[in-house]
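Below is one structure, written out as structure tokens; the observations come after it.
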Amino acid sequence: MPSDSKNADIEYKDTLAQIDEMIEKYKDTHEIIVCGDMNGSLDRSSTPHDKILKTFCKEKCIGNTEKCPVKETFYHQNGMSKGQIDYFLFKSNSEIINKIRQIDVLDTDPENTSDHVPVILTLNSQLKKSQGKSNNYHSKT
């Protein structure tokens with residue numbers, strides 16, 4: 001998600017509009033999980049991106065679950081700012097929410113050179129065997 005540019009708010013809204021297009025396109029055929037660095041927080045209201053993200057989530061009925069701990073996921077290099085801006089977001093009526101075993105926000109680690117910590121989603125799920133195409137491939141020279 002855009003963060004530090006002259007037109008950051010416009011770019012941020014545009015990116016959310018693109019995410020919304022993907023959600024609309026696949027909502028009837030797929031379980032949707034939007035995940036990543038959202039560069040906005042659902043737990044604070046101190047930046048313009050926080051407000052834009054909250055509005056987007058409210059309008060689109062998308063958000064995180066109570067299984068997601070409220071814990072910082074980003075630590076700025078200056079040591080003065082931090083926040084939870086990395087998320088797994090779901091449609092509020094999504095069946096996949098019932099399949100979430102847990103969401104973990106790992107602690108900072110000296111070997112992690114990123115300014116973000118890993119966020120891990122564990123799902124209870126089973127793969128279904130496909131009755132589709134065979135695995136026979138014919139190659140040409």
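All figures in this text were calculated on a predicted structure; none of them were measured in a lab.
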Q: Quick one: list whatever passes side chain to side chain contact (heavy atoms under 4.5 Å, CB included) with Lys82, sequence neighbours left out.
A: Glu72, Tyr75

**Q.** Residue pairs involving residues 54-67 (criterion salt bridge (charged side-chain N to carboxylate O under 4.0 Å, His left out); sequence neighbours excluded)
**A.** Asp20-Lys60

(Q) Can you tell me how far apart CD1 (Ile97) and OG (Ser92) are? Round to the nearest 0.5 Å. (A) 7.0 Å

Q. Gln77 and Asp115: side-chain contact (heavy atoms from CB on, under 4.5 Å), yes or no, with the steps?
A. CA-CA 7 Å; Gln77 303 94 316; Asp115 49 5; 4.0 Å; yes

Q. Taking atom CG of Asn39 and atom CD1 of Ile52, what is their separation to the nearest 0.5 Å?
A. 11.5 Å

Q.
Has Ser41 got a side-chain atom pairing as donor or acceptor with Ile85's backbone, closer than 3.5 angstrom?
A. no

Q) Within the distance-only criterion (no hydrogens, no angle test), does the side chain of Thr15 pair as donor or acceptor with the backbone N or O of Glu11 below 3.5 angstrom? A) yes

Q) Where is the tightest heavy-atom contact between Asn112 and Val117, given as atom of each residue plus distance? A) ND2-CA, 3.9 Å

(Q) Measuring from atom CD1 of Ile96 to atom CD1 of Ile33, what distance do you get when rounded to the nearest 0.5 angstrom? (A) 3.5 Å

Q: Hey, could you give me the CZ/SG distance between Phe90 and Cys61, rounded to the nearest 0.5 Å?
A: 15.5 Å

Q. Of all heavy-atom pairs between Cys35 and Phe88, which one has the smallest distance, and what is that distance?
A. CB-CD2, 3.4 Å

Q. For Leu16, which of Met38, His49, Glu21 qualifies under side-chain contact (heavy atoms from CB on, under 4.5 Å)?
A. Met38

Q: Look at the side-chain heavy atoms of Ile, Leu, Val, Met, Phe, Trp and Tyr, link any pair under 4.5 Å apart, and say whether Leu123 and Ile62 land in one connected group.
A: no

(Q) Let me check something: do Leu42 and Ile23 share a hydrophobic cluster, defined by ILVMFWY side-chain heavy atoms less than 4.5 Å apart, either directly or through other members? (A) yes

Q: Please list all pairs passing the ring pair (Phe, Tyr, Trp, His ring centres under 6.0 Å) test where one or both residues lie in residues 105-127, with sequence neighbours left out.
A: Phe74-His116

Q) Who pairs with Gln18 by side chain to side chain donor-acceptor pair (under 3.5 Å), at least two apart in sequence or on another chain? A) Asp14

Q) What are the two closest non-hydrogen atoms of Leu53 and Tyr12, and how far apart are they? A) CB-OH, 3.6 Å

Q.
By the salt bridge (charged side-chain N to carboxylate O under 4.0 Å, His left out) test, which pairs, at least two apart or in different chains, include something from residues 25-51?
A. Glu24-Lys27, Arg44-Asp50

Q) For the side chain of His30 and the backbone of Ile32, is there at least one donor-acceptor N/O pair under 3.5 Å apart? A) no

Q | Joint cluster assignment, Tyr26 & Leu89, ILVMFWY side-chain distance < 4.5 Å | A | yes

Could you tabulate the donor-acceptor pairs under 3.5 Å formed by side-chain atoms of residues 98-109, not counting sequence neighbours?
unit_1	atom_1	unit_2	atom_2	d
Arg101	NE	Asn124	OD1	2.8
Arg101	NH2	Asn124	OD1	3.0
Gln102	NE2	Asp104	OD2	2.6
Asp107	OD1	Lys71	NZ	2.6
Asp109	OD1	Glu111	N	2.8

